[in-house]
Amino acid sequence: MCVDNLSLCSLDLYFPFLSLLQDWNRTWYTANPDLTQCFQNTVLVWVPCIYLWLLAPFYCLHLYCHDHGRIHMSCLCTAKMVLGFLLASFGFVEFFYILLERSHEIQQHMVFLLSPIIRSMTVILALCIIQLERIRGCRSSVFLFLFWILAVVCSLVPLRAKIQLAMDEGIASDIVVLQNPFIFQLTHYSSILYLFTVLLFSVCALFMITRVNHLSLCRLVVKGYRAPLAEEDLWTLREEDTSHKIISELQQDWTAECAKIQNRLPDQAQLLRKLQKEQSSGFILIRTLARKFGPYFLTGTLCIIFHDAFMFAIPQVLSLLLGFMRDEDAPLWKGYFYATLMFLLSCLQSLFNHQYMYTCFTVGMRVKTAVMGLVYRKSLVINSASRRTCTVGEIVNLVSADTQKLMDFVVYFNAVWLAPIEIALCLFFLWQHLGPSALAGIATVILIFPLNGFIAKKRSKLQVKIQMKFMDGRIRLMNEILNGIKILKFYAWEKAFLEQVLGYREKELKALKKSQILYSISIASFNSSSFLVRALFYVTLDDRNVLDAQKVFVSMALINILKTPLSQLPFAISTTMQAVVSLRRLGKYLCSEELKVDNVSKAPLSSGRKNGTFSWSTEGPPCLRRINVRVPRGSLVAVVGHVGSGKSSLLSAMLGETEKRSGQVTVKGSVAYVPQQAWIQNATVQDNITFGREKLKTWYQRVLEVCALLPDLDILPAGDATEIGEKGLNLSGGQKQRVSLARAVYRKADVYMLDDPLSAVDAHVGQHIFDKVIGPKGVLRDKTRILVTHGMSFLPQADLILVLVDGEITESGSYQELLSRHGAFADFIHTFANTERKESAIQRGANMEPVSEEEQEQVPEDLGKLTVVDKARTGRVRLEMYKKYFKTIGLAIIIPIVFLYAFQQGASLAYNYWLSMWADDPVVNGTQIDTDLKLAVFGALGFVQGIAIFGTTVAISICGIIASRHLHMDLLINVLRSPMSFFESTPSGNLLNRFAKEIDAIDCMVPEGLKMMLSYVFKLMEVCIIVLMATPFAAVIILPLAFLYAFVQSFYVATSCQLRRLEAVSRSPIYTHFNETVQGASVIRAFGEQSRFILQANKRVDFNQTSYFPRFVATRWLAVNLEFVGNGVVLAAAILSVMGKSTLSPGIVGLAVSHSLQVTGILSWIVRSWTDVENNIVSVERVNEYAETAKEASWSKEGSTLPLAWPQTGTIEFQDYGLQYRKGLELALKGITLNIHEREKVGIVGRTGAGKSSLALGIFRILEAAKGRIFIDGVNIEDIGLHDLRSRITIIPQDPVLFSGSLRMNLDPFDTYTDEEVWSSLELAHLKNFVSNLPDKLNHECSEGGENLSLGQRQLVCLARALLRKTKILVLDEATAAVDLETDTLIQSTIRTQFEDCTVLTIAHRLNTIMDYTRVIVMDRGHISEMDSPANLITQRGQFYRMCREAGLV
């Protein structure tokens, strides 16, 4: 026998598979199977070795090209090396033993000598690769993991053979071991050690394969379960996932692609080029992203292909298992073999599926980072014309909703092409099992696709043209509301804008509802199609409809596989269509026109232009024409002209912000820019001034002094460490302008462009700044200064004066030269010089605006802190949030939905059990009894289930819309009813995050998660019932697995929920930074700070991804663990079925095993849906946060007896009035007692911090009284609603705010007045000629913030608002700061005539405007220090007299 074996081995050295094929009786057809010795010692040794040796050179080349930095030698790595060398040594021991003891037989069986050497050399090669991976910074790889897996599988058979020999014979007798017990033990234990070691290596590789330390993840999950996770607990983002790494490479590709588009149609019309560019931009973007992330994504695609291979192998094994159950003579080991094989295939399927998901989520995360980076960088270079077509709200939508849709697309993209292939394979295998009857199923599936294609097209149209359009409009409007909230409150316009937002919202939800109904039809059709396929199979199977267990349950397993692609395909198509829409939107924005680099050339010359013509857009009319000017180095140039004459456009052209039609602009040296409307960052005063530069203490103090900021710092809570709110909300206009000027002065630039920086400050402060900073003796005396100004007193000291009229320089020269010409400029100077000299010397009221505060006093070190950081709540989502969500839906709807789900799953259980009974029916005379009845019952149950599926999906979608509508409305009302202090301390990014991302999650994600969770929970209950019906003993296994499932799930949900919160919280700063950057882009460009802001944006995005990455890794961790639990159910059902072979029918076994195969997928989807629901309920929690914040008093009071004509006289009385900005700070107004009579004109003056603005805030109840009362016409203003008060009095604020929409809407949002009244107010505001010349007249569309109007024109629009309302009380808060002197004179004349019968309170800026007032109130440190008529105050020679003397009025 021994000799025969030797000769056979010798023969089969070259044909090792021959021995296997020649001995099936030994391998398969036996009760004790085994492989031949030759096969074990050749094929099983060679397969892993050949794999490693063939692919090692390519893998080493890959490692050589990708160096991630050396990894230090760890204890685990050392242990692997020691065990590896020990493992290799056993092969050499075996080799030398054979060489020494059996040398005379080597010629006959050389293969036994070579195998241990090959195996040992291969292990040494694997150890070398491990070290190379460590040196090149790779922890482990799929490559080595597959090797170790192959080694494990190939080692199991020899080990089992040796153990069997030991058990059967007690001593080995094969060719190597012979009769020596010691040698048997040596080889036996070496096999055990070999198996143990390769298992260790494969497990280590498995843990490292996702490049995340499994133990670290376990520690993170456990830590999150014990205590809420904080930012410091999160991992550092990997280098390849950082913004810098991703975008630095992608930016070059994108720029090159954009250049190709730009140059593709050089000779065609501009409009045609633009249209083609917009159409192809989405494709160009996806191509650029694919080039960057495609190779890594393809590795995931390879994993899903392996997953599918294992998935389709399982039904084939099930077929063999059912065949085994029917064959009474089959040996029992085959049943256990099939059960184990199904378990292993399920495990491998899970493993490759989650590696695929990990890859997809990683790519999705990188795509999100890339797109956000591209959008941000684009916002820094986009030109003015393109910027006006895309509002801040729309840009926020691009980086929130659209990037999320691209991430979803990455995850589901493969399903678009893979699902049809999976469907085709399912139908092919069904053909194999059922024959031509499968054609009926194929026809059904083919018919389903056109229906769903039509639905997908309709949904895409709904989403693109309707839903996203209204969502963009809503977010844009919300952004404007947040930017102009102070105006809304002053004018009591909250309700008007509330209605506008809700109008957008209703249209958005209407489109969403239609889309969801179509989606429900799609889901129901795909789910019903699997039943229809099965029904048609059984109808057309044969003439007698004979079914057996193999046909029924193998087809059922295949149809269950078919369900996945059928259900995924509509979702994948929907996701793809949404992604296409998002790609077009993103591509359109990213391909929009940029500022041209050659707009301004840098050359070693003085600043100047030659015959320049400029416009704000390529197609638009020129804003500047025939500009010829040269500015000598170190000179002071003043630019003057009426409102809208092009002064700011001139500076913009010099900065390269406009389109250069002709001519040349040259600027020498660095530039500093002070815009007309100060741009202030949400940072400390110091950070705003230094603006990214190192603080030079001496120079910094000098800048503060010359910019007149030292007195302001004294009254700020923390001096220059005080945080300024967004857009400088807690600073006055004068303070903001001086901080903006200080930023420019601190920069020490070569050229200074100053756009009317002195208009917002008082005359004496303006004179101080001019003397100390801008003028011939100022700190900038050696610099080139271009000053736009309305101040006549500064002109004599200018080296050159440019006079602009309608975009042209009509006169230029020195002050004396222009006067000597006796032109229009000279006439203007003679008319207004005296007025200018009489301007007051009072400083602008610079009180800090209110800052919200809790009841407790603020700790001193926090006094400078203003904004409230978006904080994450901790712990599990509170039950109240679920109650809140379901309460908005209503119990009357929820209970029927649950019953409908139960009914749906009951129908499914019934028709599946009905099939098992049908399959077990005996065949008599070639047929089964009552087949028509069985088919009819089966069809009826399936039809009922299809109707129930449609009903549940539609019902949950509608419930989600109901809940979303209520939650959005509550959020909107809560935000609008918040006091001003709330908006000053809450960054707009936090609020936009709620209205954009969180509401989007409540719209779509929560209902979708609930649908999935309920359907899969009920499906799991069905599976458990079926398995327990078949094998009640399975309860012993299922119950512990259920507890394990719940235990692991509880660990995960706590961690995942907190990670979701941290991710949501870290998202808000991104939106805030985007918002801030877009609004200050011109300043950032002028100062050349783009790279610093890009770095800040990168940090914010990276921090957000730091929270996102562990969240999806944790999801994969949970899914892998729980799917192994599900695979345990498969193993239990199969093993118990084999054990109960004698008592169980094939039908019930098929039912139990085919359903248990679904457990893995069901558990995975339950985890995903449960997690999605829990994570997205966080959105409900975050939306609900603002329900708990402090609110203003009610807008109106029921039963109010306030007369419609109130106030009729306009008297105002202060009784011991006190006002406080925050708890813990001293009163800003102290014991003010004052009577203002009917028709009285009162001027309010005072130095910085005196309390002038506080009086106005008190009258409008922007701040509530700390003590005392205010009466208007004898009515205590605390006793009436805020809207009743604010709508009856009027203010013209210093900062003019307009909203996107028609000019008429900006004047009269409630449509209260007629067109004649509107035109009359425009005429009185000196805007009639301007508006009459506009193409659309009153319907002229104002851009966001009114950017397509000059600042002066915006101020006149605010005046027109006041003239339209014409209430009995008017408050002017430096309302004419941004207009020229001529216009100011006209405005003052209008106020005197039109408001003659009104009480007027003016916070004075130009003192000459209040010299004819009835009374002047002089404020000082919250008290009224003087109060009388201007003439009497002058005679008293007090504080007012000193101001007048400084102004040259006395």
> Determine the interplanar angle of the Phe1093 and Phe691 rings, folded into 0 to 90°, and report it as parallel if under 30°, tilted if 30 to 60°, perpendicular if over 60°.
tilted
> Just verifying a value: how many Å separate Gln1353 CD and Leu1356 CG, rounded to the nearest 0.5 Å?
7.5 Å
> Would you say Tyr746's side chain and Leu696's backbone share a donor-acceptor pair under 3.5 angstrom?
yes
> What do the steps show when you test Lys748 against Trp699 for side chain to side chain contact (heavy atoms under 4.5 Å, CB included), and what is the final call?
CA-CA 10 Å; Lys748 294 184 178 178; Trp699 176 239; 3.5 Å; yes
> How many angstroms lie between CG in Leu650 and CD1 in Ile786, if you round to the nearest 0.5 Å?
7.5 Å
> Locate the shortest heavy-atom distance separating Ser379 from Ala1081; write the atom from each residue and the value.
O-CB, 3.9 Å
> Can you check whether Gly634's main-chain N or O pairs, donor with acceptor, with Asp782's side chain at less than 3.5 Å?
no
> Taking atom types as modelled, is there a side-chain donor on Gln681 or Arg743 under 3.5 Å from an acceptor on the other?
no
> For a 4.5 angstrom cut-off between non-hydrogen side-chain atoms, does Val1297 reach Asn483?
no
> Dump the intermediate steps for side chain to side chain contact (heavy atoms under 4.5 Å, CB included) on Gln1096 and Glu1089, then the final yes or no.
CA-CA 11 Å; Gln1096 288 181 7; Glu1089 289 290 324; over 6 Å; no
> Any side-chain donor paired with an acceptor under 3.5 Å for Ser662 and Thr613?
yes
> Out of curiosity, Gln735 CD to Gln737 CD, how far, rounded to the nearest 0.5 Å?
12.0 Å
> Can any side-chain N or O of Thr658 pair as donor or acceptor with the backbone N or O of Phe614 at less than 3.5 Å?
no
> May I ask you to test the Trp679-Lys736 pair for a side-chain heavy-atom distance under 4.5 Å?
no
> Taking atom OG of Ser635 and atom CZ of Arg781, what is their separation to the nearest 0.5 Å?
15.5 Å
> What are the two closest non-hydrogen atoms of His768 and Glu705, and how far apart are they?
NE2-O, 3.3 Å
> Is the shortest heavy-atom distance from the side chain of Gln677 to the side chain of Gln1079 under 4.5 Å?
no
> Quick check: does any side chain N or O of Tyr752 sit under 3.5 Å from a backbone N or O of Ala744, one acting as donor and the other as acceptor?
yes
> So, do Asp720 and Lys695 sit near enough that their side-chain heavy atoms are less than 4.5 Å apart?
yes
> How close do Leu795 and Ile801 get, counting heavy atoms only, and between which atoms?
O-CD1, 3.7 Å
> Are Leu704 and Ile689 side-chain neighbours, meaning at least one heavy-atom pair lies under 4.5 Å?
yes
> On a heavy-atom basis, which atom in Val667 and which in Met654 lie closest, and how many Å separate them?
CG2-O, 3.7 Å
> Are the side chain of Lys378 and the backbone of Ser592 linked by a donor-acceptor contact shorter than 3.5 Å?
yes
> Output, in order, the C-alpha distance, side-chain angles, deciding distance and verdict of side chain to side chain contact (heavy atoms under 4.5 Å, CB included) for Val788 and Leu754.
CA-CA 6 Å; Val788 171; Leu754 312 170; over 6 Å; no
> Judged by modelled atom types alone, do Tyr376 and Thr1077 share a side-chain donor-acceptor pair under 3.5 Å?
yes
> By the definition side chain to side chain contact (heavy atoms under 4.5 Å, CB included), identify the one residue from Val779, Thr789, Leu787 that meets it with Ile774.
Leu787
> So which atom in Lys647 and which in Leu804 form the shortest heavy-atom distance, rounded to 0.1 Å?
CA-CD1, 4.2 Å
> Counting C-beta onward and ignoring hydrogens, is there a side-chain heavy-atom pair between Asn1306 and Arg1361 closer than 4.5 Å?
yes
> NE2/His1326 to CG/Leu1359 distance, rounded to the nearest 0.5 angstrom?
7.5 Å
> Would you call Asp755 and Val674 a side-chain contact if the rule is heavy atoms closer than 4.5 Å?
no
> Just verifying a value: how many Å separate Leu1298 CG and Ile487 CD1, rounded to the nearest 0.5 Å?
9.0 Å
> Any luck finding a side-chain donor-acceptor pair between Glu723 and Asn682 under 3.5 Å?
yes
> Side chain of Arg785, backbone of Val751: donor and acceptor closer than 3.5 Å?
no
> Go through it in stages, so that I can follow the logic: the residues are Phe1299 and Leu488, the test is side chain to side chain contact (heavy atoms under 4.5 Å, CB included), and I'd like the CA-CA distance, side-chain angles, deciding distance and then a yes or no.
CA-CA 10 Å; Phe1299 302 94; Leu488 260 65; 3.0 Å; yes
> Closest approach of Gly656 and Leu595, non-hydrogen atoms and distance?
O-CD2, 3.4 Å
> Donor-acceptor pair, distance only, cut-off 3.5 Å: does the side chain of Thr1402 make one with the backbone of Leu1372?
no
> Can you check whether His1073's main-chain N or O pairs, donor with acceptor, with Glu1076's side chain at less than 3.5 Å?
no
> Any non-hydrogen side-chain atom of Val629 less than 4.5 Å from a side-chain atom of Leu802?
yes
> Assess the side chains of Thr684 and Asp687: does a donor N or O sit below 3.5 Å from an acceptor N or O?
yes
